[in-house]
Amino acid sequence: MKPSKLYLAIEEHRQRFGKNLTTMGHHYQADKVIRHTDLRGDSLELARRVSRVDSGHIMFCGVYFMAESAALLAQPGQQVHLPEPSAECSMAMMSPAPLLDKVLALLNSRGRKTLPLAYVNSTLAVKAAVGRHNGAVCTSANARVMLEWALKESDAVLFLPDRNLGRNTAELLGLSPDEQHVLNIKDDADKLDLAAIHQARLLLWPGFCSIHTRFNLRQIDRVRQEHPGVKVIVHPECTPEVVAAADQSGSTSFIIRAAAELPAGATLAIGTEINLVERLAEEHKGRITILPLVESSCVHMAQTTEKSLGAALDALAACEKNRKDSPFLVRIPEEFKTPAKATLERMFKVCGL
Ligand code: 13P
Ligand code: SF4
């Protein structure tokens, strides 16, 4: 098929910018976007690779918190751009920073040291609040190591915003349900059960990913009935019940590796974002069969399209000519920079990266 005008225009920009532009994309991005990327990865891989990129511009195809992390890790003078600046993550929005500040103040008010551990899927302001309390971030690929570290460093850990990743990781570390407490927070901290809080080792913010909580036990039962011998792998943002019913669970990079390691003829059902599942199905076509537990698409990731990538590159090229900043530039307010960056650096240090 003849390439579209848009495809050619984007590739022309990439050629013209040459070494001065790196296009990065999360695995949940659509194929039409992914095919224009120099680097693709899961949250951890992308964050790690930013510091080794030396082009002046990074065009980041993903959601806002990922581009913010990239901007925090970028070298001085390097600019990170997000083609769709309104691409937020609904889970990240479930833990507003002012509420987190209030909760942390309350939790630490009685001499018990509560350390915050934030999933990297959180806003810049939240990362800064976590950093001010000497906490760290984690991704789904290193949540176990990071939670183990945080538990050693404190009397209690506040894991946010994803209660499911928190509970699934606690299960791996052998923490009993009695040692965990899901905070009862709506818009304020007034309903917190302080007696229960002070007994728990792990406090969980009640956030969740609506894309991964679409997977359920009925879908797993059905796929097992329809495809005897099928292997079921889900992402740890799924509920603990779904993770327990699956054969394995793991981060995006874990799922990619697991698919590659399956023997020819196997059938794999995956519970994660549909763009990744469909791409893996295509890549392994003819060797193994890959199917989604159910089609679940992230609307936030889907906001970045080939068209918005093209528009952001047009704007960047025009702004370079006029020596102006692009409207797609991700800016990090000075007051957040140091504490938010510290949370990422702590993660790299604890994980030996
Ligand atoms: P990972 O890239 O860490 O697997 O996270 C999945 C996700 O939901 C990204 O938004
Ligand atoms: Fe956020 Fe879930 Fe979408 Fe990831 S998949 S960006 S956690 S809503």
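In listed order, ligands and their atoms are each counted from 1. Keep in mind that what you see is a predicted model, and the values were worked out from it rather than measured. Residues take their numbers from the sequence shown, with the count starting at 1.
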Report every pair formed by an N or O atom of ligand 1 and a protein N or O atom separated by less than 3.5 Å, giving atom names and the distance to 0.1 Å.
unit_1	atom_1	unit_2	atom_2	d
ligand 1	2 (O)	His26	NE2	2.8
ligand 1	2 (O)	Ser43	N	2.9
ligand 1	2 (O)	Ser43	OG	3.0
ligand 1	3 (O)	Ser43	OG	3.4
ligand 1	3 (O)	Ser140	OG	2.7
ligand 1	4 (O)	Ser140	OG	3.0
ligand 1	4 (O)	His235	NE2	2.9
ligand 1	4 (O)	Thr252	N	3.1
ligand 1	4 (O)	Thr252	OG1	2.6
ligand 1	5 (O)	Tyr119	OH	3.4
ligand 1	8 (O)	Glu237	OE1	3.3
ligand 1	8 (O)	Glu237	OE2	2.9
ligand 1	10 (O)	Asn121	ND2	3.4

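- Side-chain contact check for Thr23 and Thr37: no donor-acceptor pair (N or O, by modelled atom type) lies under 3.5 Å.
- Listing protein N, O or S atoms at distances below 2.8 Å from atom 2 (Fe) of ligand 2, with waters left out, gives Cys209 SG.
- Of all heavy-atom pairs between Val130 and Pro116, the closest is CG1-O, 3.6 Å.
- Remark: of the listed residues Gln15, Arg16, Arg14, Arg16 is the sole one forming a side chain to side chain donor-acceptor pair (under 3.5 Å) with Glu12.
- Under 4.0 Å is where a charged nitrogen must lie from a carboxylate oxygen, and between Asp54 and Lys19 no such pair does.
- Residue pairs that meet the salt bridge (charged side-chain N to carboxylate O under 4.0 Å, His left out) test with at least one member in residues 127-147, sequence neighbours left out, are Asp101-Arg132.
- Between Arg112 and Gln199 the shortest heavy-atom distance is NH2-C, 4.2 Å.
- A distance of 5.5 Å separates OG of Ser326 from NE2 of His81, quoted to the nearest 0.5 Å.
- In this structure, the ring-ring contact (aromatic ring centres under 6.0 Å, His included) partners of His235, at least two apart in sequence or on a different chain, are His212.
- Under 3.5 Å, the side chains of Tyr28 and Thr272 contain a donor-acceptor pair of N or O atoms.
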